[in-house]
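For reference, the structure is listed below as structure tokens.
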Protein chains: 2
Amino acid sequence: MKQRATRQLGALYDALAASRDHPTAEQLFQRVRRVLPRISLGTIYRNLDKLREHGRLRVVRLAGGEARYDAMTAAHDHFVCDHCGDVVDLPRCGLTPSAAALRADGYEVHWHTTALYGVCKRCTSSHRGRGAGVAPRGRRAQAV
Amino acid sequence: MKQRATRQLGALYDALAASRDHPTAEQLFQRVRRVLPRISLGTIYRNLDKLREHGRLRVVRLAGGEARYDAMTAAHDHFVCDHCGDVVDLPRCGLTPSAAALRADGYEVHWHTTALYGVCKRCTSSHRGRGAGVAPRGRRAQAV
DNA sequence: CTTTCTGCAAACTCTTTGCACTCGT
DNA sequence: ACGAGTGCAAAGAGTTTGCAGAAAG
């Protein structure tokens, strides 16, 4: 009934907190593996879910098939590169959206986030004409 | 090399345009099936991808494992119910995000969208205490 | 006729889960 | 010791793809 402090959970949170790149479960798996070589991917997922339930991380599902994980810090927004899939943190955009109207209508609004989409600096420069440059990451499913 | 106007593509777009509920691929499959009973799910996915490439729809990947599709109309934002998973269209929020700063820094910003998360009206009313009410849809992976 | 598209089924990717065992507390 | 957590491997969703035949232009 009670949450235990296992090495696996600790190492996972450490890896996430040390990341600035919104890693996928697989990427976290590889990083935690360097500390705990016998950890399994199933455990990564189970512990990510626990951290989420406890509000210690946010699941970022901006584009592509995989979920990305973001250690919960201050509210912020995201820029997503349509070309390479990279996600960049942005300071929280100003102005609160029309939550007031929704609340008046019987909705509970807990939080919100904005995502900007486009082409990042790195891809813009290596994107001359048509050439390869940075390989597109999430070929399908451009998302909101 | 050229896009053909097949019955399947037409029926799919019609079904999407007639939808107001951000259907999943599976839901669109069921709806198109009523018109073309022999259509396959693979064709649904292939044609959704074509419509996306042509800018005729937007992929909405707000929460849960499945992509949802949104016929491209005016810019708008979304409210997502954490409880039942429903997605409601909102008028575009008034906030102009910090796109200017990004552009100045060498990024191309093509578009943006805001998602609000919370509990919808329907779930709020049938959510007294603990009881069943509306069943949660996407049990895992709350997303941005 | 030529080329793209379709239906089908198998393959793939990402994520979840059952089970027997391990390890925090 | 008790029970939550783990590794492993198999199962599940959701999505993609190869192929032979169908159909649009």
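So that the names make sense, note that chain A is the first sequence line, chain B the second, and so on, each numbered from 1.
The separation between B:Leu51 atom CG and C:dC5 atom P is 12 Å, rounded to whole Å. For the pair A:Leu12 CG and D:dT6 C1', the computed distance is 14 Å after rounding to whole Å. One atom, CG of B:Asp49, and another, P of C:dT6, lie 13 Å apart when rounded to the nearest Å. If you take CG of B:Leu48 and P of C:dT6, they are 11 Å apart, rounded to a whole angstrom. Distance, B:Gln27 CD to D:dT15 C1': 16 Å, rounded to whole Å. The distance between atom CD of B:Glu66 and atom C1' of C:dT16, rounded to the nearest whole Å, is 15 Å. Atom CZ of B:Phe29 and atom C1' of C:dC8 are 11 Å apart (whole Å). Nucleotide C:dG24 holds its C1' atom 11 Å from the CD atom of A:Gln8, rounded to whole Å.
Qualifying side chain to side chain contact (heavy atoms under 4.5 Å, CB included) partners for B:Thr6, counting only residues two or more places apart in sequence or in other chains: B:Arg4, B:Gln8, B:Leu9. The side-chain hydrogen bond (donor to acceptor under 3.5 Å, both in side chains) search around B:Lys50 returns none, not counting sequence neighbours. Residues passing the ring pair (Phe, Tyr, Trp, His ring centres under 6.0 Å) test with B:Phe79 are A:Tyr107, sequence neighbours excluded.
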> In the 5'-to-3' direction, what one-character label does each nucleotide of nucleotides 20-25 of chain D receive under the scheme B = base within less than 4.0 Å of a protein heavy atom, S = sugar-phosphate only, - = no such atom?
Replying inline: ---BBS
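Phosphate proximity of C:dT16 to A:Tyr45: absent, as no side-chain N or O sits under 4.0 Å from OP1 or OP2.
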>> Go through it in stages, so that I can follow the logic: the residues are B:Asp49 and B:Arg52, the test is salt bridge (Lys or Arg N to Asp or Glu O under 4.0 Å), and I'd like the CA-CA distance, side-chain angles, deciding distance and then a yes or no.
In response: CA-CA 5 Å; B:Asp49 211 44; B:Arg52 178 181 62 75; 2.9 Å; yes
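Place B:Leu41 and A:Thr43 on DNA chain D by their nearest nucleotides, and A:Thr43 ends up nearer the 5' end. Ranked by how close their nearest DNA chain C nucleotide is to the 5' end, B:Leu9 and B:Gly42 are led by B:Leu9. Between A:Leu36 and B:Tyr69, the one whose closest nucleotide on DNA chain D sits nearer the 5' end is A:Leu36.
A:Gln30 places no side-chain N or O within donor-acceptor distance of the main-chain N or O of A:Gln27, the cut-off being under 3.5 Å. Judged purely by atom type and a 3.5 angstrom limit, A:Thr43 has no side-chain atom pairing as donor or acceptor with the backbone of A:Ile39.
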Side-chain donor-acceptor pairs under 3.5 Å in residues 12-22 of chain B, sequence neighbours left out?
residue : atom : partner : partner atom : Å
B:Ser19 : OG   : B:Ala15 : O            : 2.6
B:Ser19 : OG   : B:Arg31 : NH1          : 2.9
B:Asp21 : OD1  : B:Arg31 : NH1          : 3.2
B:Asp21 : OD2  : B:Arg31 : NH2          : 2.7
B:His22 : ND1  : B:Val87 : O            : 3.4
B:His22 : NE2  : B:His78 : NE2          : 3.3
B:His22 : NE2  : B:Asp89 : OD1          : 2.7

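No donor-acceptor contact under 3.5 angstrom links the side chains of A:Asp77 and B:His112, judged on distance only.
Put simply, the side chain of A:Leu48 reaches to within 4.5 Å of the side chain of A:Leu57, judged on heavy atoms.
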List every contact pair, protein side and nucleotides 18-20 of chain C side both N or O, where the distance is under 3.5 Å.
residue : atom : partner : partner atom : Å
C:dG18  : O6   : A:Arg46 : NH1          : 3.2

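In the set C:dT15, C:dC5, D:dG7, the nucleotide with an atom closest to the side chain of A:Arg38 is D:dG7. When the nucleotides D:dC8, D:dT15, C:dC8 are ranked by their closest atom to the side chain of B:Ser40, C:dC8 comes out on top.
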